[in-house]
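Report on one structure; see the data block that follows.
Nothing here was measured: the structure is a model prediction, and the numbers come from that model. These numbers come from the heavy atoms of this one structure, side chains and all, not from hydrogens, waters or symmetry mates. By convention in this document, chain letters (A, B, ...) are assigned in the order of the sequence lines, proteins followed by strands, and residues within each chain are numbered from 1.
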Protein chains: 2
Amino acid sequence: MSSKSPMSKSPMPTSPTSKSSASKSPVSQSDPLREQIIAQFDGMSAQLQQAARYVLEHPEEVALVSMRELARLAAVQPATMTRLAKMLGFQGYNEIRAHYAETVRQRNDGFAAKVRQRDGQAASAPGSDIAHHMLHGLSAQIAALCEPEPLQRLTAMASKLAAAKKIYVLGLRSSHVVAWHFHYVMSLLGERSVHLDGPAGTGGDALIRAKPDEVLLVISINPYARDTLTLAQLAKDKGLAVLSITDSEVSPLVSISEHTVYCATESYSFFHTLAPALAVSEVLCTLLAERDRPATLAALQDADDHLAHLNTYSNALPRRE
Amino acid sequence: MSSKSPMSKSPMPTSPTSKSSASKSPVSQSDPLREQIIAQFDGMSAQLQQAARYVLEHPEEVALVSMRELARLAAVQPATMTRLAKMLGFQGYNEIRAHYAETVRQRNDGFAAKVRQRDGQAASAPGSDIAHHMLHGLSAQIAALCEPEPLQRLTAMASKLAAAKKIYVLGLRSSHVVAWHFHYVMSLLGERSVHLDGPAGTGGDALIRAKPDEVLLVISINPYARDTLTLAQLAKDKGLAVLSITDSEVSPLVSISEHTVYCATESYSFFHTLAPALAVSEVLCTLLAERDRPATLAALQDADDHLAHLNTYSNALPRRE
DNA sequence: AAAATAATGATCCAATTGTTTTAATTTTTC
DNA sequence: GAAAAATTAAAACAATTGGATCATTATTTT
């Protein structure tokens with residue numbers, strides 16, 4: 001076939017500009033579109049095959065460059081790419097690109113695929129897939145904390161917390177969840193923790209007598225509550241070490257913090273997620289508790305006894321009268 | 001900063017249109033451009049910071065979508081992206097995209113190699129392995145919720161919650177974290193949620209006028225707080241449907257619950273973990289919000305306006321006087 | 001061989017892109 | 001408080017995009 005015409009382009013797929021990757025199957029295991037292209041390959045004309053071959057061998061490029069650029073790289077007319085799309089049953093070339101873009105996204109983090117649609121679209125009926133995507137993403141985000149750097153940050157912060165005379169805990173609005181949890185657990189372990197929270201804006205009052213050998217653990221994610229920032233700044237001015245759990249290297253907390261732990265907050269939903277931040281809090285509590293197992297066990301025993309006396313817990317429903 | 005404009009974003013980090021990636025460090029360890037953005041971040045104006053923040057947190061999107069699309073996602077003007085490029089010393093925005101496209105290419109190249117290089121690295125700080133184990137376990141537990149049965153339970157519960165006239169939320173002690181979170185988010189969405197929590201044991205009082213077309217969402221894990229069980233029983237006696245998030249098929253809540261979602265609480269530590277339970281709460285909130293996207297967006301917009309008037313949030317440290 | 005059909009290339013178009021310019025607004029300074 | 005400076009939003013721009021059309025070339029069929 002081919003290469004009869006005097007003006008014919010090089011028959012083998014050409015890469016005019018020197019491009020990098022070429023590996024045979026950079027696209028992961030199961031890619032239905034890839035399979036489809038292979039299946040239909042034999043039925044394609046020469047030009048279509050050349051275009052298809054390039055797409056198969058450079059899937060990332062499809063996501064990264066324009067159609068015309070891709071056509072140039074594949075040494076094919078732009079229209080051929082459009083025709084390829086139609087032959088594959090798509091409405092237009094953009095659907096091909098959308099597919100490979102999604103592949104790249106899924107590759108870069110384990111985050112779920114998404115339904116790219118205008119907001120007019122009816123909400124997905126079952127919602128089961130939404131839940132699935134969210135949970136999968138959360139799982140991946142927490143798994144990301146297992147990397148060396150986050151781990152090192154966690155342990156460093158735990159050390160500083162362990163050395164502190166007292167720990168003030170600050171987290172407002174959504175971050176309240178994390179602050180409260182940390183304080184609750186720490187209060188079971190001893191009495192070094194003070195929760196900066198209270199009605200009518202009195203939350204920060206406990207800082208009045210704060211001393212430099214104490215620390216402030218502050219949790220805040222975007223959008224950052226103004227009061228949180230103000231109190232953190234105040235604490236730093238008083239000489240306290242500020243330790244923060246936040247969501248970004250460019251969080252306003254970073255510049256005043258001695259230690260910072262970063263946690264993801266993005267989620268496939270309207271809201272930011274706090275599950276990773278809560279996981280961070282749980283890890284910190286555990287690391288602190290592990291520092292002195294006997295003391296921890298004793299403290300927990302005391303708490304148990306106390307709560308048992310108060311008849312706080314039960315394993316069965318109360319008898320109805 | 002923003003949020004004065006008519007198009008201001010919601011207070012709870014909102015993602016009106018589909019979301020994608022998230023994890024904290026999807027981009028490989030050393031990225032000079034990323035470092036540069038972080039370095040120059042403090043010197044940027046509010047809008048530039050907003051754009052830069054999005055770029056930092058969604059590096060793949062930069063490579064995958066057009067500038068205008070990216071601007072839309074970051075909720076800034078297109079021109080801001082151009083300005084960001086200039087501020088970073090580039091001639092135009094395309095140089096930024098080229099950089100991130102190259103990152104994606106290299107990532108796909110060295111994909112196999114990276115997988116090889118798994119953990120097993122020399123032990124680092126003390127407790128680092130504990131943290132690693134914990135986080136790994138948490139990640140797996142949340143991933144387990146992606147199974148069909150938990151998903152089905154979640155969606156069923158969401159349906160029941162969506163149909164309820166009012167939702168009472170009950171969670172004491174450690175479960176307070178989850179209850180508070182659920183109520184906080186729901187309160188941003190509307191006014192159907194009532195948190196059964198109050199000083200001096202008054203928490204349950206709100207149930208006094210509870211009616212049968214309302215529901216009680218109760219969260220409790222082992223050990224089960226006696227007050228929680230009592231109130232849940234009371235609610236059921238009053239004809240309310242009881243929906244519970246708990247940790248076991250033999251939890252005392254099961255027998256009085258119309259719907260139950262189970263979440264793991266075991267962890268490599270002294271304490272039970274609440275991260276999976278919080279994840280469940282987040283999923284429920286999202287499913288409820290998705291039921292009526294327009295209403296949700298409107299409610300979040302209202303909340304945004306309200307909080308903006310109160311000057312609740314800030315992106316920078318307050319100026320010291 | 002010519003006619004019919006398929007494939008390809010070239011040209012044109014509306015829509016969208018990245019960018020610049022201008023106007024409005026906010027913030028700062030005095 | 002007014003003036004000045006900086007920041008931001010809005011509008012306008014040329015260039016490029018993906019797609020459609022039509023002419024040309026190859027291929028098949030007769």
Side-chain angles (χ1 to χ4, degrees), chain A residues 1-11 40-52 55 61-101 118, chain B residues 1-9 40-53 55 61-88 90-101 308 311 314-316 318-321:
Chain A
M1 59 164 169
S2 83
S3 77
K4 294 285 173 53
S5 102
M7 286 299 295
S8 71
K9 293 299 192 52
S10 43
Q40 293 193 241
F41 192 85
D42 288 332
M44 296 180 186
S45 70
Q47 290 297 103
L48 282 180
Q49 284 193 349
Q50 189 166 328
V55 169
E61 293 304 314
V62 180
L64 294 174
V65 308
S66 72
M67 186 208 73
R68 292 182 116 88
E69 177 75 12
L70 191 74
R72 217 167 295 132
L73 293 173
V76 153
Q77 291 280 338
T80 305
M81 288 294 171
T82 295
R83 292 176 181 136
L84 177 63
K86 301 246 156 143
M87 153 147 255
L88 293 171
F90 294 107
Q91 194 151 5
Y93 172 82
N94 273 325
E95 296 185 20
I96 291 188
R97 174 172 28 238
H99 177 272
Y100 283 105
R118 310 281 156 177
Chain B
M1 55 159 186
S2 67
S3 77
K4 299 284 172 55
S5 88
M7 286 299 296
S8 68
K9 298 296 279 299
Q40 293 193 240
F41 190 87
D42 287 332
M44 297 180 187
S45 70
Q47 289 297 102
L48 282 179
Q49 286 191 348
Q50 190 166 330
R53 186 186 302 274
V55 170
E61 292 302 313
V62 180
L64 293 175
V65 307
S66 72
M67 187 209 74
R68 290 182 116 94
E69 177 81 5
L70 191 75
R72 249 194 59 243
L73 292 171
V76 298
Q77 293 280 336
T80 305
M81 287 295 171
T82 295
R83 294 182 181 126
L84 178 63
K86 301 245 154 143
M87 154 146 252
L88 294 172
F90 295 107
Q91 194 150 5
Y93 170 81
N94 274 323
E95 298 185 21
I96 291 188
R97 164 150 60 216
H99 172 90
Y100 283 105
N311 208 14
S314 166
N315 271 318
R319 267 217 325 282
R320 300 158 66 177
E321 289 125 42

What pair of heavy atoms forms the shortest contact from B:Ala75 to B:Gln47, and how long is it?
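Residues B:Ala75 and B:Gln47, closest heavy atoms: O-NE2, 4.5 Å.
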Please report the shortest heavy-atom distance between A:Ala51 and A:Thr80, naming the atom on each side.
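Shortest heavy-atom contact: CB-CG2, 4.0 Å.
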Separation of [N] [atom2] from [X] [atom1] (nearest whole Å):
| X | N | atom1 | atom2 | answer |
| --- | --- | --- | --- | --- |
| B:Arg72 | D:dA9 | CZ | P | 16 Å |
| A:Gln77 | C:dC12 | CD | C1' | 14 Å |
| B:Met87 | D:dT7 | CE | C1' | 12 Å |
| B:Met44 | D:dA6 | CE | P | 18 Å |
| A:Gln49 | C:dA7 | CD | P | 11 Å |
| A:Leu48 | C:dT8 | CG | P | 6 Å |

Could you tell me whether the side chain of B:Gln77 and the main chain of B:Ala71 form a donor-acceptor pair under 3.5 Å?
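Such a contact is absent between B:Gln77 side chain and B:Ala71 backbone.
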Flag, side chain of B:Gln50 to backbone of B:Ala74, donor-acceptor distance under 3.5 Å:
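Yes.
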Stem segments of DNA chain C by first residue number [Watson-Crick or G-U, under 3.5 Å, at least 3]
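Correct response: C:2-30 with D:1-29.
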For residues 81-98 of chain A, dump all side-chain donor-acceptor pairs below 3.5 Å to protein atoms at least two apart in sequence or in another chain.
unit_1, atom_1, unit_2, atom_2, d
A:Glu95, OE2, A:Gln91, N, 3.3
A:Arg97, NH1, A:Val65, O, 2.6

Interface polar pairs with nucleotides 22-25 of chain C, N/O, under 3.5 angstrom:
none

Would you sort out whether A:Glu61 and A:Tyr100 count as a side chain to side chain contact (heavy atoms under 4.5 Å, CB included), showing the intermediate values?
CA-CA 9 Å; A:Glu61 293 304 314; A:Tyr100 283 105; over 6 Å; no
I need the A:Arg72 CZ to A:Ser66 OG distance, nearest 0.5 Å.
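That separation rounds to 6.5 Å.
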Under the rule for side chain to side chain donor-acceptor pair (under 3.5 Å), what residues qualify as partners of B:Gln40, not counting sequence neighbours?
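Here the qualifying residues are B:Gln36.
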Quick one: what's the B/S/- string for nucleotides 13-19 of chain C, heavy-atom cutoff under 4.0 Å, read 5' to 3'?
----BBB
